[in-house]
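Working notes, structure below.
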There are 2 protein chains.
Amino acid sequence: MVATIKDVARLANVAPSTVSRVIANNPRISEKTKERVREAMTELGYHPNFIARSLANQSTQAIGIVIPGSADKAFLNPFFPEVIRGISKGAHQKHYALHMSTGETDAEIMEGVVQMVEGKRVDGIVLLYSQVDDKLTKYLLLKNFPFVIVGKPFKDVELITHVDNDNYRAAKEVTEHLIELGHERVAFIGGNLKLVVTVERLLGYEKAIRNAGLEYRDDYIVHAQFLKEGGQAAVQELFKLNEPPTALVVADDLMALGVLNMLDDMGINVPNDVSVVSFNNVMLSEVSRPPLTTVDINIFQLGYEAAKHVIQLVEDPLDPIKRIIIPHKLMKRQSCIEYHSKKKLHQE
Amino acid sequence: MVATIKDVARLANVAPSTVSRVIANNPRISEKTKERVREAMTELGYHPNFIARSLANQSTQAIGIVIPGSADKAFLNPFFPEVIRGISKGAHQKHYALHMSTGETDAEIMEGVVQMVEGKRVDGIVLLYSQVDDKLTKYLLLKNFPFVIVGKPFKDVELITHVDNDNYRAAKEVTEHLIELGHERVAFIGGNLKLVVTVERLLGYEKAIRNAGLEYRDDYIVHAQFLKEGGQAAVQELFKLNEPPTALVVADDLMALGVLNMLDDMGINVPNDVSVVSFNNVMLSEVSRPPLTTVDINIFQLGYEAAKHVIQLVEDPLDPIKRIIIPHKLMKRQSCIEYHSKKKLHQE
DNA sequence: TTGAAAGCGCTAACAC
DNA sequence: GTGTTAGCGCTTTCAA
């Protein structure tokens, strides 16, 4: 049998409550008894039972991570491990552990969150995505449970602490970059339109197009899933058009990789025939052929700040709602080139 | 206040234990009372408190994941997210959640594991690596705590359920492949020599070299960390030699990427000047320039089986110790080429 | 400065 | 079938 607080108390000739106070390093216990109790602890190889403590305490020192559509899909996109790296770092600094449920469908994920919250398994939650009209957000808000969103909340922006990039501006900037390079037929390949990030990037793209006085064409907007295969499907649609685009804004590096593959299969050269820019700057984007010009959104930082702020929220429920914007940066690489009507000139 | 089992009991006019039995769907409760209790539950919006249940139950329905040297480093290598994908899938099928501690140093990681085990925060543990002379393994074994290792235990192989590849054979095969292509100066770039996987791969390499009657040269063996930078450092050493190798066996795709980079910087062409094979077949290896010939070790499956088997162990402590070997497969891509003394001929 | 005792919310004997 | 009751191991008033 494993030693409990009672065993320690008995051995040290004190009450269990005293042992508890020693664990918490309560200053009102004399150094002498502290010493005696500590000796008893090591003698018995005592370690506190976290679960029991959690029950008495109503706190778990763990934060929950919620991933869209099941870890076993999402982890295919390097974005997620990278945010989790950041979260892990932030949680570590405050001595928090990480907890993930493993639901696959939306219903199961919801179920998992309810279990985390209602079952008191975690003290706070980081939502790794923001969906339009999200039930989860609504639930968490209703329960008044500490949580932060990585991304921009669809609504109630002023009620939810969130860590985000300025995706609108970032998308606008990359599109402008393409336009400055002389491109006039710029298409947008986005991910799931239910994700707020997709919407933001699309809006930024649109703004840049309109600002430049270019035509905003519906058939230049394609949506697919945030995976390699998504990118491939999108390209096929776009290059069936009479006037195919000369540049592509792709909402995610992994999709861009699919785009690159498909373009290659179709014998279309990047960057000579078509320029490509994308988002995230995951390791792949540096390695791809050609290396992708992409927006570094500082994924790690996104996770790190999210963790820090849920914990703040947990430890002080009155902590004000915050909006943290992580800076982005365009990483120019070899997937973009100047476009002069029918001629291709020097690289950027 | 949140509803407890007592509230439900009161409203349904039954004893708390009856409610508990309804939750567990105990067959000895009449359908009628079950119905009544369930109504009371929904009316009160009742959800069981997992922590309280865990305490009474001595079970958490969660399995712990232990990563070498902190998540925030390890996750840089795509191996880890990929195993976790598998674990997540396996855990999900049995309705288990995942728990990770966030230690950074060895001591902190040990501390985290002790907290998981002693604090009863998880029912079982998956160790995502196997180190020579590992304290963690020793501890877990001593505590008789359910755990499985992804990899080959350094010792006590017959006492520890583990999920592994036949890394020895895999390394032997890829080295033989290189030798068949005509290479006679084949070097080995390994990772941390404390990791059993490194040792196994090195031994397989050695065996192939000796079998072929080639000279086994110490200066052809270099070790670095399992990251991109590791690969780069290794190359610099190797190509300072008088007789630099014409082929490289690299113990990890990510390192291989670093190798590729560095070789490129040095103006050494792959595969024309030197052939490269590596291990893991992570997504990067397909995308790199040139695409890497690598051993697919089926990372996802490794994780999936590991999860399935810890859970089995948790649910039946008498479940026999097992050794699960996941098959591997050489993925031939464009980083290898035939070598004929001073000439290079057609590709493989 | 320390102890006694109640309680966190649930489960599992043991009764009936 | 269902209720009673004693824990699970800890924290936290309240008293002394």
Side-chain angles (χ1 to χ4, degrees), chain A residues 1-41 44-62 114-123, chain B residues 1-41 44-62 114-123:
Chain A
M1 238 5 253
V2 158
T4 75
I5 212 171
K6 282 187 187 167
D7 302 320
V8 177
R10 209 171 303 133
L11 183 61
N13 248 308
V14 295
S17 48
T18 303
V19 178
S20 173
R21 288 190 262 255
V22 174
I23 295 172
N25 202 12
N26 187 320
R28 304 207 305 221
I29 300 291
S30 72
E31 277 309 319
K32 249 173 116 175
T33 34
K34 275 192 186 170
E35 211 31 67
R36 200 146 40 88
V37 169
R38 291 208 179 103
E39 271 171 24
M41 293 208 260
L44 295 174
Y46 171 79
H47 283 274
N49 181 320
F50 228 92
I51 294 290
R53 173 187 294 202
S54 294
L55 183 58
N57 245 355
Q58 310 280 48
S59 103
T60 60
Q61 292 275 94
V114 171
Q115 274 199 12
M116 282 192 202
V117 172
E118 226 88 35
K120 307 260 162 39
R121 294 187 90 163
V122 299
D123 295 339
Chain B
M1 234 8 250
V2 157
T4 76
I5 212 172
K6 281 186 188 167
D7 302 320
V8 177
R10 208 171 304 130
L11 183 61
N13 248 308
V14 295
S17 49
T18 302
V19 178
S20 173
R21 287 190 263 255
V22 173
I23 295 171
N25 202 10
N26 187 319
R28 302 206 307 222
I29 301 290
S30 72
E31 276 311 318
K32 249 173 116 175
T33 37
K34 274 192 188 170
E35 210 33 64
R36 200 145 40 89
V37 169
R38 291 208 179 103
E39 269 172 26
M41 294 210 259
L44 294 175
Y46 170 79
H47 283 274
N49 181 321
F50 229 93
I51 295 289
R53 173 190 295 202
S54 294
L55 182 58
N57 243 357
Q58 310 279 48
S59 103
T60 60
Q61 292 275 93
V114 170
Q115 273 201 13
M116 282 192 203
V117 172
E118 226 89 34
K120 305 261 163 39
R121 292 186 93 163
V122 299
D123 295 339

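Naming convention: chains lettered A, B, ... in sequence-line order (proteins, then strands); numbering from 1 in each chain. For clarity, every value in this text was computed on a predicted model and none was experimentally measured.
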B/Asp7 side chain to B/Thr4 backbone, donor-acceptor under 3.5 Å: yes
What nucleic acid atoms does B/Tyr46 come within less than 4.0 Å of, heavy atoms only: base, sugar-phosphate, or nothing? sugar-phosphate
When you compare the side chain of A/Arg21 with that of A/Arg28, does any pair of heavy atoms fall below 4.5 Å? no
Any side-chain heavy atom of B/Pro48 within less than 4.5 Å of one from B/Ile5? no
Contact class for B/Asn26 (heavy atom, under 4.0 Å): base, sugar-phosphate, or nothing? nothing
Counting C-beta onward and ignoring hydrogens, is there a side-chain heavy-atom pair between B/Phe50 and A/Gln115 closer than 4.5 Å? yes
Flag, side chain of B/Arg36 to backbone of B/Ala12, donor-acceptor distance under 3.5 Å: yes
What is the distance, rounded to the nearest whole Å, between atom NZ of B/Lys34 and atom C1' of D/dG1? 11 Å
To the nearest 0.5 Å, what is the distance between OG1 (A/Thr18) and CD1 (A/Ile23)? 11.0 Å
Round to the nearest Å and state the distance from B/Arg121 atom CZ to D/dG9 atom P. 17 Å
Atom CG of A/Asp123 to atom C1' of C/dC8: distance rounded to whole Å? 15 Å
Where each residue is assigned the nucleotide of DNA chain D containing its nearest heavy atom, which of B/Glu31 and B/Leu55 is assigned the position nearer the 5′ end? B/Glu31
Is a donor from one side chain sitting under 3.5 angstrom from an acceptor on the other, for A/Ser17 and A/Ser20? no
Atom CD1 of A/Ile51 to atom P of D/dT11: distance rounded to whole Å? 13 Å
Rounded distance (Å) that lies between atom C1' of C/dC8 and atom CD of A/Glu118: 16 Å
Value in whole Å for how far the C1' atom of D/dC8 lies from CZ of B/Phe50: 16 Å
Let me check the geometry of the helix from C/dT1-D/dA16 to C/dC16-D/dG1. What is the bend angle between the axes at its two ends, five pairs each, to 10°? 30°
D/dG1, OP1 or OP2 - any side-chain N/O from B/Thr33 closer than 4.0 Å? no
Between B/Ile29 and B/Gln58, which residue's closest nucleotide on DNA chain D lies nearer the 5′ terminus? B/Ile29
Side chain to side chain donor-acceptor pair (under 3.5 Å) pairs touching residues 44-60 of chain B, sequence neighbours excluded, are B/Thr60-B/Asp123
Please write out each protein N/O paired with an N/O of nucleotides 12-16 of chain C under 3.5 Å, distance rounded to 0.1 Å.
{"from": "C/dA12", "atom 1": "OP1", "to": "B/Asn57", "atom 2": "OD1", "distance (Å)": "3.4"}

Please determine whether a side-chain nitrogen or oxygen atom of A/Ser30 lies at a distance below 4.0 Å from atom OP1 or OP2 of C/dT2. yes
Considering only D/dG9, C/dC10, D/dG3, which nucleotide approaches the side chain of B/Val14 most closely? D/dG3
Would you sort out whether A/Asn25 and A/Lys34 count as a side-chain hydrogen bond (donor to acceptor under 3.5 Å, both in side chains), showing the intermediate values? CA-CA 8 Å; A/Asn25 202 12; A/Lys34 275 192 186 170; 2.9 Å; yes
